[in-house]
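Residue numbering restarts at 1 for every chain, and letters A, B, ... go by the order of the sequence lines.
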Amino acid sequence: MGPRAGIAGVLVLLLLAPLALLFSAQPASAVGTLCLPSDTTACIAGTLRTEKDVLPGVKITVTGPDGQATEATTGDDGRWNVQVTKEGEYTVKIDDTTLPKNLATSGEVTVDAKFKATAPALIPIRTADYQASESYWDHLLQSSANGLRLGLLLALASVGLSLIYGTTGLSNFAHAEQVGLGGILGYFLINVHGLNLWVGGLLVMVLCGFTGWFQDRVMWQPLRRRGLGLTQLMIVTIGLSLAMQYCFQYFVGARTVRVVKDNPTVSTVGPITMTNQSFIAMGISILVLAAVGYALLRTRVGRATRAVSDNPALAAASGIDVDKVIRLVWTVSMALAGLSGLLYALVTNGIKWDSGMQILLLLFAAVTLGGLGTAFGALVGSIIIGLVVELSPVLGMPGDFKYATALLILILLLLVRPQGLLGRPERVG
Amino acid sequence: SSDSNNNASAKSSDTPAAGSTSGSENFTNDKCSGSQTSADSLRVGGILPLTGNLAYLGPPEIAGVGLAVSDINAAGGVDGAKACHDIQDSGDSTDMSVSTASAGSLVASNPSVVIGAASSSVSLNVVDTFASNKIVEVSPANTAVDLSGYSPYYFRTAPPDGIQGNALGTLISTDGYQKVAFIVFNDTYGTGLRNAVQQTIESSGGQCTYGCKGQGDEFPAGQTTFSSEVGAALATKPDAIVVLAFDETKQIIPELKSQGWDMSKVYLSDGNTADYSKDFEKGTMEGAQGTIPGADPDQSFKDRLSGWAEVGEGKPLADYAYGAESYDATILAALAAVKGGATDPQTIQKNFAAVSGATGGEECKTYADCVKLLKDGKEIRYAGPSGIGPINKQNDPSSAFIGIFKYNADNKNELSTTVQGSSS
Amino acid sequence: MSAQTQTSTQSGTGPGARDAVIEARDVVAGYLPGVNILNGCSLVAYPGEMIGIIGPNGAGKSTLLKAIFGLVKVHSGSVVLGDRDITNAKTNRLVEMGVGFVPQTNNVFPTLTIEENLRMGLFMRPKKVGERLAAMWDLFPVLHDRRNQRAGALSGGERQSLAMARALMMEPSVLLLDEPSAGLSPVRQDETFIRTRRINKTGVCVVMVEQNARRCLQICDRGYVLDQGRDAYTGTGRELADDPKVIELYLGTLAKDVESEHPQH
Amino acid sequence: MDTIQAILNAMVREAISPQTAAVAIAAIGLNIHFGYTGLINIGQSGFMLLGAYGLAISVGHGLPLIVGVLIGFAAALVFALVLGAPTLKLRGDYLAIVTISAAEILRYVGRSALLTDFTGAAQGLSGATFRGPFVNLSFFGDGTTTLSPFSYHDVAGGAVWVRLLGWLLVIACVAGIVVLVRSAKRPPRVRRAVRGPGRRPEVTATTEERVDLGADAAAPAGLSPAVRGAAIVLLGVLGVLVVFFLVPTTYQNTGVSGWWVRFAAWVLVAVSVVVVWLLVRSPWGRLLRGIREDEDAIRSLGKNVFAIKMQALIIGGVFGALGGMVYVLASSVQPDSMGRSLTFFCYTALLIGGAASIFGPVLGAVIFYGARIVIKVAAGAYVPDSIMNGQQTEQFSYIVVGVALMLIVIFRPQGILGNKRELRFNV
Amino acid sequence: MSDTSTTTAGLADPAARRALMAGVATTPGSAKPDPILVVDNIVRAFGGMTAVDVGHLEVQRGVITALIGPNGAGKTTFFNLITGFDRPTSARTGANWSFDGAKLNKTSASSVARAGMVRTFQLTKALSRMTVMENMLLGAQGQTGENLLKCVFKPLWRNQEREIEEKAKELLQRFKLLEKKDDYAGSLSGGQRKLLEMARALMSDPKMIMLDEPMAGVNPALTQSLLGHVQSLRDDGMTVLFVEHDMHVVRHISDWVAVMAEGRLVAEGPADTVMSDTAVIDAYLGAHHDTDLGDDRLLSDDTMDQLSEEAAEEQAHREEEQS
Ligand SMILES: Nc1ncnc2c1ncn2[C@@H]1O[C@H](COP(=O)(O)OP(=O)(O)OP(=O)(O)O)[C@@H](O)[C@H]1O
Ligand SMILES: Nc1ncnc2c1ncn2[C@@H]1O[C@H](COP(=O)(O)OP(=O)(O)OP(=O)(O)O)[C@@H](O)[C@H]1O
Ligand SMILES: CC(C)C[C@H](N)C(=O)O
Ligand SMILES: [Mg+2]
Ligand SMILES: [Mg+2]
């Protein structure tokens, strides 16, 4: 209750003397001497520290404009302060002899003291082996790893987007909300209801898959039957995305929520440091993507999927139950999106009602970059987008252009290869 | 707000204070009817974030307005004219049509004063509409420097970023950190505050290593991955990191943590100095510091706010940011109406600065007290829970408290110091 | 309309003239609600029969095949396969029952490879794929050499061959062909006709739409002439081919003229 | 009744707001792109942003209004050229991605802190810096005006039946316009062969048997275009007057967001509609639709497809820029407010109204924004606080907006004025 | 070029045509008296496979030339190349083709068409959501109303529009599509689309029309009347180059036949000559193309074997080509 009483006291003081313009109430553990600037005094204060630790017991000389010097010694927490009664430039100088060995410092700094204010004085002190910045290559490697991670997570979602586009021709603008749904369900199940992460994750996938199944059952299939145009369907997905976003906001609020509260543990592989969750998430992504790839290429169902995406009428004429395949695609895509969302929420430490919206464009960019409707293209596209997003700041783009850079790369690439990376040109005539 | 949804019931039951306060005092939720206008009542419009990215700031601000209206009516209204509130959505800056529409219907409803908006960007969008219709707009949360003296009809009860930035910069410098990296989002508020902090740090001999003014390293608001920002900031080997963002902070902090950063070298500001006890593992934030403009209101005021929220919005508050400012904004407007003897916006505009003490006067702390003084024909200075100084020529608070908070092991922000800064 | 069925039965030459393999009765069907393309069209095929459908462009020939195959909604009338009513049945169910179909256009999967296209033909019974594939490679050596190419790159005629091969993969018991010879070179046309006939001889019931009407009627047991969504004429192939009215309205005299103009071989 | 009146008030305010007009103009441009030419431009907000910046920055730097407008147009033109030159040769889907990406890049650039002096970065440019010249043009004078001075209050004391009758009249007007517009389109005839009972068609009878059922379905088809046009205008004016009678709306005459902006905005909408009508009825418009269907075919007919697509992209883009200018006149230029959602709203307006129809985008914009506000206000008014508090109601109303959008498109996929039969041949 | 007018003017007379073409050598790539299209060294390879490799080809003005050849011979690809829808692989190594005296090497598809060489597509390209009439109107060349600046002023193009419409109606009448003129083209049947495609191409009054299998899928009775139309076009001076697999058609109307196989031009000459060429018969026509297929003897394995041999031959050549 100590600090609180202090605050109350301060408040009272302030109310009584409204012109006492700067006032600090120090917690009990603060420096012994207190400097209160007033109408006629100013404070000069600071803390001496290297990049490693504070420096107690160092002598400091503060020389005023009139040549008058005041001395101070840093306390146990490295803090010092001096009260002066004249405004103007003060030089703050360290007494080198009181410094421990092996330190590098310029030794002095000049600050401008004004009444009614505390002028902080910063004297840079570094240990001798201090390096001013991290190795560029380490940073590059680390960023590449982050990019790969982002790319894999995007891939999980964009493969589904691409599959849906491929089989039904639909650009699903609500896909990103499904990614969000994955994260938010994860929050409910794991954070709120305390499920085990793995069990919860599985449940998230099942539930998200169910939403896909359900959506197709009650909405997309009937609409296909009625022959609704693709642009109309696209607008329906925009409506759905709006509704879903605000559902999230309704149930979860506009804040970021986390799937697990714990701080993730970290592992270091060579120059790359990442949370274990990230490593696992990348592993899961690779596994799942490989499984999807295998299924698409090598299994009957996969082939059926590609056939439906090529020519649904003919697929039906080949004995494929087109509706079933599309339903399956919806289910799997949504499950993948859900998984992606969950992993995304884990890896980026949180999910929010509009997180999906934020990555929607990246998803579309990835899908297009790889060649529309080709699932493997989506994978490659995602990884490229992920890498570009994470690497462009390292390579000198202004930070707030990192998405813009990804999009720019997309545009440039399309100019060179209009059909996308893995797409093939079409035959005319 | 998000968490309160699930924890609301739990919280209200295990915080006896909240329950008892709301029980002991009778709050009223005085929504405006369609026919009440500034001609016959104090119609307090609100343009506050009910949806969008800042929606979590909505509840305390609504409660501030609602509680003020309730208090005003409890004290007999404005010369007998009832006060009422009509709060509309401001959305966020990604869909301005929301705020534009709300501004339109607020103007049409003929209010005495409009409280809002929270985000400076949104305020800039609607400020002209209110001004040209001669309606007073009082923002409880705008801190953008550009809004200083924007129009005679725009006031605010939150201090402009210069004051907070100076306080935060001083805090960092006196802590001895020489190289500072900013992880800042690209928003009027973020960049404005960053500039102020950076200036203070540099003038005391410090140095900005990342996210500095003019480097373009701000991240777009609403971004969801921060590994590259955090990585890039750490690559410059800063001594301390300042995070200026809204809710994105919840993702930035764990990222910092997982990249091995010592949290006691993290500084936050009003956009994100919040209670993170529900979001992070114990001890995560320990030692981190942040500033919030406004004296941290005392617990009894917070309890009253929360109590009103339970009556008016159905659940207690989880957060109090800008609640006091909203309260004061409303009370000041009401006092201005009392002083001028009418509830129309022009009268309020003329007297707003005066009741805040710009022309000197006797200090009073509650609406009822102040009205009494005014009735006696005295000049007053209303000193409400937000602790701002009188409104200056720029229609900004001339001085304000900046609370300095330090996080404890529970990831709760505790007030450690309050400094007062002035906009000179 | 049952009168019509009766006439067909009389002219039917199928062995078991009693039970039709596939029968469309008074089918009324169309693409848009309220606009019927078929206005009561009937068709019957008996076991082992080969039926040719000819008629002017836009008569509804393709629509009839599609209606039988469940790709166009039948508004009234019925389609019967053996003893089962398959009106508006799901297409894939029909395939399971052994009905094969080659559409007139869009009859390959352009991004699948040729081999995958063929595999799709036997989607229902993957066990037999190897065997059937081998058979197809035999029949269409062209396809074999290019089996790993995407079907989208094929020329018009090559696609047509592929489409046919795809349908043959499943060894259908009823085969519906929509202009299988269109776009094929003469030698391949012959090949196609003769092959179809041979398949038919193995007991498969074939219903084919053709614009190469003369040839079609030459090899078909019976023919139907469709006009404006109705079966205007029916008879054995020869009858139709020689009917002067049919010649005048549908077959034209070109082939005859040319032959007389350029006596050859 | 009070709440209903309040809801209606809000609706009318929103429906005639300059923002709605702006979206209508942008959607008109989008209609040229998407509806007629089949260019899937998901970056219309980029064009709008450019128009807005062009106007705001140049006027802010002291250039005359007209120069600002021209600069805005020029910016859109250049943007269209830069986007179109490389992408118009690509397949449609790619254009979509490129346009949305380019629009986002523009927004990122606009909000970049590096350009603060120019674009005002994330904070944008406040209206006060560029609105002056436009406001000065106003010949409306000062003060406020309520339209119309003669309102429902004056008839039988504003009894419920007066209002009901009035709204019925409005509905009748709108219905009349819809019927007229749709009949003007002369839908392609629907043919059906008459089926004589049990009669086999004579082989000789080829075409005579088929009768035309489509053309006579719409009775007013016989009106001459001039009469029809006049009737539409008349009904429109009447409808608007009755609406103002029912919902007396008060604004300042000039002001920041008064009658003057509204008037100017809707005049611009009208001009845009006329221009688009002139364009699309011509052979040039026919070319656009041809390109929408199959550009290879058009190319094989000797038309310079690239040039025409470029023309369409530019014209639609310029409309977008104009929309952008109108959008910011009554508020401020904020890059974030002109992002993807705005493009989506334009599409929504376009599709609700009906793509490839002249009045579709305008009607769609009015309905979309009007309905959105009705849902919001109604939810706020009728959902009791005990069930949802103000904040939840607000969020809930957006859920309803989303669902309503889905339902509208599901149950009227061709939009209100669109041609249903066109849908059948979608790609 | 001085005798162009004299040679083409009299071409309505079959005898004159025969006389004109009589002097032409029947070797692949032979020179024509008055070629309208001259093609040199066009090669198009897809990956490892060469789809088209035409050394030299001339197409005589004012006559009907048929281009025949097995499936996959490269006919469509050849059309694509010379009409600007595809680029030859040999573009840099001397591919050259000129139409009516003007080089076309680098021109786009639309300028090729504007120069007077209009093509149709094997897989039809109907403009689905436009009416048949609108499809036709799009075909007309030089429309004032298609200029962006002029199109807003209706008086500038009203009269022209009327004329074009008349012409379109006439053509539609001939192609038996008039009663469908207000229907969406998307609702046409396969054969009707073919017809529309051809009619639309004719709207542009081309100097030379290139038809890719125009009669595939068209009802024989109609084919006949259309051929009459094509002939009358020729008689009015239009040059026709068409791909067709129906030998009756080829024999009936073509004045000259060029044969392609495995991408190369392998034979040229009048229809009778070419079709009695054993190589052509073996690789393309087959032994049965004039026999009655109704004969059950044809079902013997022998026939089948023979047929597949013939068909395989198409392929064999191709493989030689590749290796
Ligand atoms: N998808 C469709 N939508 C609407 N109408 C259609 C559609 N397809 C065909 N039609 C109409 O149905 C009629 C019959 O078409 P169908 O394809 O059955 O003709 P067809 O006899 O096969 O002709 P062809 O010999 O030219 O292939 C045509 O008049 C056509 O206009
Ligand atoms: N885009 C492409 N990619 C790969 N191969 C192609 C492509 N286009 C054509 N081919 C191949 O080139 C060859 C020639 O094709 P083309 O379409 O020109 O034949 P065609 O003579 O028109 O045959 P048809 O008579 O069957 O229409 C074919 O073997 C075809 O598979
Ligand atoms: C809610 C606040 C954090 C808003 C911020 N001060 C601004 O002006 O934008
Ligand atoms: Mg057909
Ligand atoms: Mg071909």
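- To the nearest 0.5 Å, atom CG of residue L184(C) and atom CD of residue E213(E) are 8.5 Å apart.
- Within the 4.5 angstrom heavy-atom criterion, no atom of I68(E) approaches chain C.
- Of the atoms belonging to L222(E), it is side-chain heavy atoms, and not backbone ones, that fall under 4.5 Å from chain C.
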Could you check Q211(C) against M215(E) for side-chain contact (heavy atoms from CB on, under 4.5 Å), going step by step and ending with a plain yes or no? CA-CA 9 Å; Q211(C) 286 298 5; M215(E) 301 305 170; over 6 Å; no

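- Here the OG atom belonging to S185(C) is positioned 12.0 Å from the CD atom belonging to E244(E), to the nearest 0.5 angstrom.
- In this structure, chain C has heavy atoms under 4.5 Å from both the backbone and the side chain of Q192(E).
- The main-chain N or O of N219(E) is found under 3.5 Å from a side-chain atom of N57(C) such that the two form a donor-acceptor pair.
- Looking only at distances, a side-chain donor or acceptor of H245(E) sits under 3.5 Å from a matching main-chain atom of G183(C).
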